[in-house]
Amino acid sequence: MPKPLIILPTFNEKDTIAVILLKVLAFESFEVLVIDDNSPDGTAGIVEDWMKNDKRVHLLKRQGKLGLGTAYLAGFRWGLEKGYDCFIEMDSDLSHNPADLPKFVDEIVNGADLVIGSRYVNGKISVVGWDFRRLLLSKFGNIYASRILRMKFSDLTSGFRAYSRRALEKIDLNRIRSGGYAFQIEMAYTVWQAGLGLKEIPIIFTERARGSSKMSKQIVREAVWLPWRLRCSEFIKKPSSGHLLQTGKKF
Ligand SMILES: Nc1nc2c(ncn2[C@@H]2O[C@H](COP(=O)(O)OP(=O)(O)OP(=O)(O)O)[C@@H](O)[C@H]2O)c(=O)[nH]1
Ligand SMILES: [Mg+2]
């Protein structure tokens with residue numbers, strides 16, 4: 001049986017963190033690492049209270065808001081050192097459904113190195129609560145990135161995903177530079193270029209009902225430039241592309 005670590009980045013998620021912990025810890029084999037960037041709303045305090053009664057909850061406290069990308073990288077390094085072998089990224093705002101978690105673990109057990117929870121499998125849109133503008137931005141952003149990078153995936157920006165230990169050991173985490181959505185794209189591309197196996201599984205994404213979004217224009221700008229930066233890097237380092245476990249197709 002794998003040893004899964006669910007990594008929950010938090011910045012001002014006091015309204016949802018306890019519910020997420022309850023739902024994730026309902027699965028007996030799961031452990032949780034919360035990475036909190038000194039949330040002014042006291043999110044870390046709620047987690048610390050949980051830790052008094054539950055050894056499966058861990059907390060990394062950082063000094064201030066250092067971004068989603070570096071939060072996940074810190075979580076991966078922490079988990080690798082402690083010997084976990086399945087690493088699941090999940091938002092802490094209830095947009096991702098904890099009931100889906102076992103499906104991610106199953107795919108890792110079956111040999112996938114990156115499992116992406118996709119909102120757009122087979123041309124369907126499985127998003128609840130977004131206005132048209134937000135949907136368009138996400139859908140167009142995904143088509144844009146996958147075309148430029150020649151990766152036939154429907155949801156490269158999804159933040160609900162699982163990595164095998166092998167994937168995180170094989171890629172050089174020190175070379176990952178991006179923050180928000182771009183971080184998800186850069187990680188998927190890096191796993192792909194390492195020749196590893198990727199798979200998409202369908203999820204339903206529900207817009208947060210509480211707390212506030214940390215999305216910004218800067219995060220969108222970064223994601224616009226990233227695919228071109230990654231393509232340019234191919235001129236320096238010859239890629240060995242990975243494979244899509246679902247269909248075996250490539251652009
Ligand atoms: N530790 C840490 N967590 C962050 C940071 N920025 C965002 N997060 C967390 O990352 C997750 C995703 O952030 P969201 O604000 O929900 O971003 P999003 O899901 O792209 O946007 P919405 O759909 O508007 O919610 C949430 O759990 C946030 O609390 C950060 O700088 N540091
Ligand atoms: Mg969110």
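Both counts, for ligands and for their atoms, begin at 1 and track the order of listing.
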Nearby protein N/O/S atoms (those under 2.8 Å) for the Mg ion (ligand 2), with water ignored: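 Near the Mg ion (ligand 2), below 2.8 Å, one finds Asp93 OD2.
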
Salt bridge (Lys or Arg N to Asp or Glu O under 4.0 Å) partners of residues 23-42, not counting sequence neighbours, each pair once: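 Of all non-adjacent pairs touching residues 23-42, those that pass salt bridge (Lys or Arg N to Asp or Glu O under 4.0 Å) are Asp37-Arg62.
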
Shared hydrophobic cluster for [X] and [Y] (ILVMFWY, side-chain gaps under 4.5 Å):
X      : Y      : result
Ile143 : Leu135 : no
Ile20  : Phe11  : no
Tyr72  : Val191 : yes

Under the side chain to side chain contact (heavy atoms under 4.5 Å, CB included) test, residues paired with Asn97 that sit two or more places apart: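 Once residues adjacent in sequence are excluded, the partners of Asn97 under the side chain to side chain contact (heavy atoms under 4.5 Å, CB included) criterion are Ala99, Asp100.
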
Ser39 and Glu13: side chain donor to acceptor below 3.5 Å: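 Judged by distance alone, the side chains do not pair up.
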
Thr16 and Asp93 side chains, donor-acceptor separation under 3.5 Å: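 Distance-only check fails for Asp93 and Thr16.
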
Under 4.0 Å from ligand 1, counting heavy atoms only: the protein residues, by chain and number: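 Correct list: Pro9, Thr10, Phe11, Glu13, Ile35, Asp37, Lys65, Gly67, Leu68, Ala71, Asp91, Ser92, Asp93, Arg134, Tyr181, Glu207, Arg208, Ser213, Lys214.
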
Side-chain touch Arg77/Leu173, heavy atoms, less than 4.5 angstrom: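 In short, these two side chains touch, coming nearer than 4.5 Å.
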
Residue from Phe27, Phe87, Tyr163, Phe160 passing ring pair (Phe, Tyr, Trp, His ring centres under 6.0 Å) with Phe104: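 So, applying the ring pair (Phe, Tyr, Trp, His ring centres under 6.0 Å) to Phe104 and each of Phe27, Phe87, Tyr163, Phe160, only Phe160 qualifies.
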
